[in-house]
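Every chain is numbered from 1 and lettered A, B, ... according to where its sequence line falls, protein lines coming before strand lines. Note: hydrogens, waters and symmetry copies are ignored here, and every other heavy atom, side chains too, is used.
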There are 2 protein chains.
Amino acid sequence: MPPSRQTRDPATPLREAILQEARTLLESEGYAALSTRRIASAVGCTATSIYLHFKSKDSLIYALIDEGFDELNRRVLEVSQGEGTALDLLRDVALAYVDFGLERPEYYEIMFMLRAEQMERYPVDAYRRARRSLEVFAELTALPAEEAARRGAIVWSTLHGLVSLLIAQRIDISLDRSALIEDSIHSACLGAFAALPSGANRT
Amino acid sequence: MPPSRQTRDPATPLREAILQEARTLLESEGYAALSTRRIASAVGCTATSIYLHFKSKDSLIYALIDEGFDELNRRVLEVSQGEGTALDLLRDVALAYVDFGLERPEYYEIMFMLRAEQMERYPVDAYRRARRSLEVFAELTALPAEEAARRGAIVWSTLHGLVSLLIAQRIDISLDRSALIEDSIHSACLGAFAALPSGANRT
DNA sequence: GCCTTACAGTTTACGCTGTCAACCTGGAAT
DNA sequence: ATTCCAGGTTGACAGCGTAAACTGTAAGGC
């Protein structure tokens, strides 16, 4: 066989149209409004035609998730290459993460707030690449691998808690939003750099 | 009309059986497995009979959510009345919150991880009472109302980020779980008591 | 003792979901 | 001219929440 390795996303016109409509629907009405029949009728084909271009509805969603991760990675990696102390950079990166979540809540929702157990398996390689930006949290701590990973997870989960509760509108709206975000990011940075108990009595 | 105020939950046998089966199904197979038809067939009635006892499927879920909040409140309030410094108490309360989430993930999921926008409105009074335990975070800071509320929100969102990502199995399993929890709780306490930027230049 | 009313449950149905098997159809290759 | 096939459609299945209409049964009034 010839060595021409063909891309596994043939990018036919209909496939593009389906993706575009899925994007539009997701952004305008959210994940809950994404149904194969709605996409199909907006695009002018039948629901089953979607399965000629995507293995399942989940894999269509994954294409959107990938786009979301592309944007998140772009934002985070760009900011992470700025100048300043590690603390400054971590603050900027954290803000970039939070901004992404609040500016693109529908993407954040499918990326981080969907029950993944009951979706079909996200391709492993894609998963690694997708979460590139999350590793930045760990790297910026400049600590040994194991502790860095833990600190990174703490930063991420702190930011994720904030973003997901804000998106779900579960945080008292009378709170000053920007002060909350500012303080949360500061607190997340403390989680990255302050002395924490488990570092003391473990190798 | 007579002053006899009747309870709004008549507690008929069938209603109890439906609730019991919903609990069982939730705990054994999770929220996604909860369907009116499954509950009905397990209980030995038809799906529509559920609507004789619950206004909607959502209101049945709310009954389960209430039970979850009852348990969370019980655990948190009990711990919050222990002895020790405010920091000690906050640590204990935070651990109680995390333990609840990890021991009862299905309840945590319906209480905090469901997209509430698209469920019918949770009764306002129930909502207030339900989230009693979350106010404990703010109270333990012993700060003026506004700042206490912000600090409480930071603690909550930090813990929620940790719990929700652990439940969703999105955190690298090679991480030492108990060290992560210990450090996260410590970090959350820093978020409650450490100097944070927004307190400095605001009234 | 009969009729009415109310309740508690069932039957049936509607419109929605993701997905599969079978079918069709136009154009390129033999 | 015939065959093959990629790319689409039709129709169907099993499941979902829920509304409307129907049925059986028990209690209360005459």
D58(A): what forms a side chain to side chain donor-acceptor pair (under 3.5 Å) with it, not counting sequence neighbours?
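D58(A) satisfies side chain to side chain donor-acceptor pair (under 3.5 Å) with no residue once adjacent residues are dropped.
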With F137(B), which of Y97(B), F193(B), W156(B) fulfils ring pair (Phe, Tyr, Trp, His ring centres under 6.0 Å)?
Y97(B)
Nucleotide dT18(D), atom P - distance to CD1 of I61(B) in whole Å:
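Result: 10 Å.
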Write out a two-atom table: protein N or O, nucleotide N or O from nucleotides 17-21 of chain C, distance below 3.5 Å.
unit_1  : atom_1 : unit_2 : atom_2 : d
dT17(C) : OP1    : S35(A) : OG     : 2.7
dG18(C) : OP1    : T36(A) : N      : 3.3
dG18(C) : OP1    : K57(A) : NZ     : 2.8
dG18(C) : OP2    : T36(A) : N      : 3.0
dG18(C) : OP2    : T36(A) : OG1    : 2.6
dG18(C) : N7     : R37(A) : NH1    : 2.5
dG18(C) : O6     : R37(A) : NH2    : 2.9
dT19(C) : OP2    : Y51(A) : OH     : 2.3
dT19(C) : OP2    : K57(A) : N      : 2.8
dT19(C) : O5'    : Y51(A) : OH     : 3.1
dT19(C) : O4     : R37(A) : NH2    : 3.4

Considering all heavy atoms, the nearest A188(A)-V155(A) contact
O-CG2, 3.6 Å
For residues H53(A) and S49(A), report the shortest heavy-atom separation together with the two atoms involved.
CD2-O, 3.6 Å
How are the rings of Y62(B) and Y122(B) set to each other: parallel, tilted or perpendicular (split at 30° and 60°)?
perpendicular
S41(A): partners by side chain to side chain donor-acceptor pair (under 3.5 Å), with sequence neighbours left out
none
Return the set of residues passing side chain to side chain donor-acceptor pair (under 3.5 Å) with S133(A) (not counting sequence neighbours), or none when no residue passes.
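If we apply the side chain to side chain donor-acceptor pair (under 3.5 Å) test to S133(A), skipping adjacent residues, the hits are N73(A).
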Between the protein and nucleotides 24-26 of chain D, which nitrogen or oxygen pairs are less than 3.5 angstrom apart?
none

Double-helix bend of the helix from dG1(C)-dC30(D) to dT30(C)-dA1(D), axes at both ends from 5 pairs, round to 10°, gives 30°
Listing request: all salt bridge (Lys or Arg N to Asp or Glu O under 4.0 Å) pairs with a residue in residues 76-88 of chain B, at least two apart in sequence or in separate chains.
D88(B)-R91(B)
Could I get the full list of ring pair (Phe, Tyr, Trp, His ring centres under 6.0 Å) partners for Y107(B), not counting sequence neighbours?
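Y107(B) satisfies ring pair (Phe, Tyr, Trp, His ring centres under 6.0 Å) with no residue once adjacent residues are dropped.
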Shortest non-hydrogen pair, S56(A) vs Y51(A), comes out as CA-CE2, 3.7 Å
Distance, rounded to the nearest Å, where L60(B) contributes CG and dT18(D) contributes C1':
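From L60(B) CG to dT18(D) C1': 14 Å.
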I'd like a list of close polar pairs between nucleotides 21-23 of chain D and the protein, N/O only, cut-off under 3.5 Å.
none

Hey, what are the protein-to-nucleotides 7-9 of chain C N/O distances that come in under 3.5 Å?
unit_1 : atom_1 : unit_2 : atom_2 : d
dG9(C) : OP2    : H53(B) : NE2    : 3.1

From the options R104(A), R74(A), R23(A), select the one residue that forms a salt bridge (Lys or Arg N to Asp or Glu O under 4.0 Å) with E67(A).
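Going through R104(A), R74(A), R23(A) one by one, the salt bridge (Lys or Arg N to Asp or Glu O under 4.0 Å) with E67(A) is satisfied by R23(A) alone.
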Contacts of R131(A) meeting salt bridge (charged side-chain N to carboxylate O under 4.0 Å, His left out) (sequence neighbours excluded), chain-then-number -> none
Can you confirm whether or not the ring centre of F112(B) sits under 6.0 Å from the ring centre of F69(B)?
yes
Can you measure Y31(B) atom OH to dG17(D) atom C1' for me and round it to whole angstrom units?
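That distance rounds to 11 Å.
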Side-chain donor-acceptor pair under 3.5 Å between T12(A) and E16(A), yes or no?
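Not at all, the side chains of T12(A) and E16(A) share no donor-acceptor pair under 3.5 Å.
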Can you list everything that forms a side chain to side chain donor-acceptor pair (under 3.5 Å) with E106(A)? Sequence neighbours excluded, please.
none
